[in-house]
Amino acid sequence: MAGVPSDLEREQIFSMAEKEMEYRVEMFNKLTHTCFKKCVENKYKDSELNMGENSCIDRCVSKYWQVTNLVGTLLGNTRPIPVNDAAP
Amino acid sequence: MAGVPSDLEREQIFSMAEKEMEYRVEMFNKLTHTCFKKCVENKYKDSELNMGENSCIDRCVSKYWQVTNLVGTLLGNTRPIPVNDAAP
Amino acid sequence: MAGVPSDLEREQIFSMAEKEMEYRVEMFNKLTHTCFKKCVENKYKDSELNMGENSCIDRCVSKYWQVTNLVGTLLGNTRPIPVNDAAP
Amino acid sequence: MDKSMIGDLDSLPEADKLRMAAMIEQLQVRDSLRMYNSLVERCFTDCVDSFKRKTLDKQEETCVRRCAEKFLKHSMRVGLRFAELNQGAPTPD
Amino acid sequence: MDKSMIGDLDSLPEADKLRMAAMIEQLQVRDSLRMYNSLVERCFTDCVDSFKRKTLDKQEETCVRRCAEKFLKHSMRVGLRFAELNQGAPTPD
Amino acid sequence: MDKSMIGDLDSLPEADKLRMAAMIEQLQVRDSLRMYNSLVERCFTDCVDSFKRKTLDKQEETCVRRCAEKFLKHSMRVGLRFAELNQGAPTPD
């Protein structure tokens, strides 16, 4: 890959970057909807998130992230998941 | 924006039009599936929609539309929703 | 269509091929998720599929295929579904 | 896909109209294939629950037929109402 | 869409940066429209269950408002946590 | 994504074959990323229900592992059956 990349290589780089971003957006959306269902009471008696909901959301995001990493490892996946690891 | 639009501007107009159409198609599909679940009995004893189902569908579409507008207002949204307002 | 296809025709062929593949991938994904829900116990006491699950999966795929063909016929559809018919 | 989902194209120059029309056609093809897939998934989920045989029995087949027909009628009705709302027409009560 | 979802662009040449930025903007527009659609679907499903009238009653409207507001707050919070994880920061316990 | 989902390319001229192959590869990458996302969502939904801590406990982790392995095996089996049906082969009873 040293030297100037060819047009084809550049196209591939762009295309991969696009797929990766789509992937992350989709992951973020699935996480958001899943944690909303798991943590937020759906009678909507209030328009504020209460303390219990807030801490549930934080933990839900953290666990979802761990599941993503765990499944990634099982799939022999080194790529789509971010460079930095999740907090322990 | 007066005068002849540049190529870039035209690309952006097309791209926005495409996103907006995708948005409307997705909205139509979600509405259709949601109202089917809410209004149509799922034992399928018949292949016709009965009178109760038909009026449920009409009201469901109308209410879905209102929810779309309501949420749009909350989001400070003036755009994706059609120029004409829904019936009161 | 005899003779050399024009650029426009070729674009249309590509575009149709792309849509068809997207359609098949989506069908495969929906089938996979639907049959997983119908056939695989979700307590995950084991990481192997047992015999009952395996034969359920085979039949589920077969029936899903038939439903696809049946609905295709109702829609007056001759195209998106593969040239070869499903096993009887 | 409903006509009313398509914005006003009259103000565009001719070449852009063609391009816009091609884009709309693309979206319509994709949309109808997606609709087909969702319809199959819904009717399968609602109608097929036994996996003792690998072929649909008569009852399941009837269920799928009715489901698909109902869904199509439903979808057309929704399309009509949706178009009215898009045009700001009052709806039946 | 969260900033942290966007990779490191600094190493790219100028023209590519512009193109990448345009792509990101496209995805953001699409994403925000999808989010809008999902939000409407969720709040409608949770809040509207009676179809005796064609207009929302007061209670349904309140429910939809709260649902949308809660969802937005939720979504922002998730975005913050998500960004922290993307950067490897420790999270609140 | 299963090979049988790809139509017959032999009749195409060389340049078009390359382009078609590139398109297929694109779809495969997107598809495998989507599959990954769905798998995570499903196993998370089925296995994680307590939010008293911010880390997975042993039981949840085991559940997620099994869920993912089962899903992959399931997915491969579906792929095989799907390929047979695409080729019109008879299926096991």
Side-chain angles (χ1 to χ4, degrees), chain B residues 4-5 7 9-11 13-50 53-66 68-69 79-88, chain D residues 1-9 11-13 15-16 19-20 22-24 26-28 30-32 34-35 37-39 41-43 45-47 59-60 62-93:
Chain B
V4 182
D7 279 3
E9 282 169 348
R10 286 158 60 120
E11 282 313 308
I13 291 167
F14 268 105
S15 160
M16 282 301 160
E18 193 174 12
K19 296 283 170 302
E20 176 132 355
M21 276 184 231
E22 282 179 9
Y23 158 75
R24 285 176 185 231
V25 169
E26 198 184 304
M27 177 188 161
F28 181 77
N29 290 343
K30 280 187 184 293
L31 187 166
T32 303
H33 285 280
T34 304
C35 290
F36 194 79
K37 271 185 281 179
K38 295 260 187 196
C39 292
V40 180
E41 63 86 23
N42 67 353
K43 297 294 166 221
Y44 308 113
K45 290 172 192 155
D46 194 355
S47 63
E48 298 298 320
L49 297 169
N50 62 42
E53 288 169 334
N54 272 330
S55 69
C56 179
I57 293 164
D58 293 347
R59 289 163 189 167
C60 184
V61 175
S62 169
K63 284 189 164 188
Y64 198 95
W65 187 264
Q66 286 170 66
T68 305
N69 284 314
R79 219 185 43 70
I81 276 303
V83 239
N84 310 306
D85 276 296
Chain D
M1 194 163 85
D2 185 74
K3 277 273 175 56
S4 61
M5 270 174 276
I6 299 154
D8 181 31
L9 300 183
S11 57
L12 288 174
D16 286 357
R19 195 177 144 197
M20 196 66 94
M23 180 178 82
I24 289 166
Q26 293 286 314
L27 283 175
Q28 281 176 325
R30 183 189 288 170
D31 183 53
S32 67
R34 281 198 185 151
M35 201 273 277
N37 263 327
S38 309
L39 179 47
E41 189 188 25
R42 162 149 307 282
C43 296
T45 299
D46 285 351
C47 294
Q59 199 185 325
E60 289 167 332
T62 305
C63 180
V64 169
R65 274 181 202 283
R66 286 177 181 164
C67 170
E69 285 173 25
K70 270 196 144 170
F71 187 87
L72 291 175
K73 284 166 193 162
H74 166 74
S75 181
M76 268 183 293
R77 190 167 187 107
V78 170
L80 288 174
R81 292 299 159 256
F82 194 78
E84 288 168 5
L85 289 170
N86 254 306
Q87 287 148 24
T91 49
D93 211 31

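Within every chain, numbering begins at 1; the chains are lettered A, B, ... in the order of the sequence lines, protein sequences first and strands thereafter.
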Below 2.5 Å, is that where the SG pair of Cys35(B) and Cys56(B) sits? no

Heavy-atom contact with chain D under 4.5 Å, split by part of Val61(B): both

Could you label the plane-to-plane angle of the Phe82(D) and Trp65(B) rings as parallel, tilted or perpendicular, counting under 30° as parallel and over 60° as perpendicular? perpendicular

Should the SG-SG distance of Cys47(D) and Cys63(D) be recorded as below 2.5 Å? yes

Just give me the residue among Arg42(D), Arg66(D), Gln26(D), Glu69(D) that pairs up with chain B most often, heavy atom to heavy atom, under 4.5 Å. Arg66(D)

Salt-bridge criterion met for Lys70(D) and Asp46(B) (N-O under 4.0 Å): no

Is Arg34(D) in contact with chain B via its backbone, its side chain, both, or neither, using a 4.5 Å heavy-atom distance? neither

Given that the side chain runs from C-beta out, which part of Cys43(D) has a heavy atom under 4.5 Å from chain B: side chain, backbone, both or neither? neither

Ion pair check, Glu22(B) and Lys19(B), cut-off under 4.0 Å: no

Part of Arg65(D) within contact of chain B (heavy atom distance under 4.5 Å): neither

Relative to chain D, which segment of Glu53(B) carries a heavy atom at a distance below 4.5 Å: side chain, backbone, both, or neither? side chain

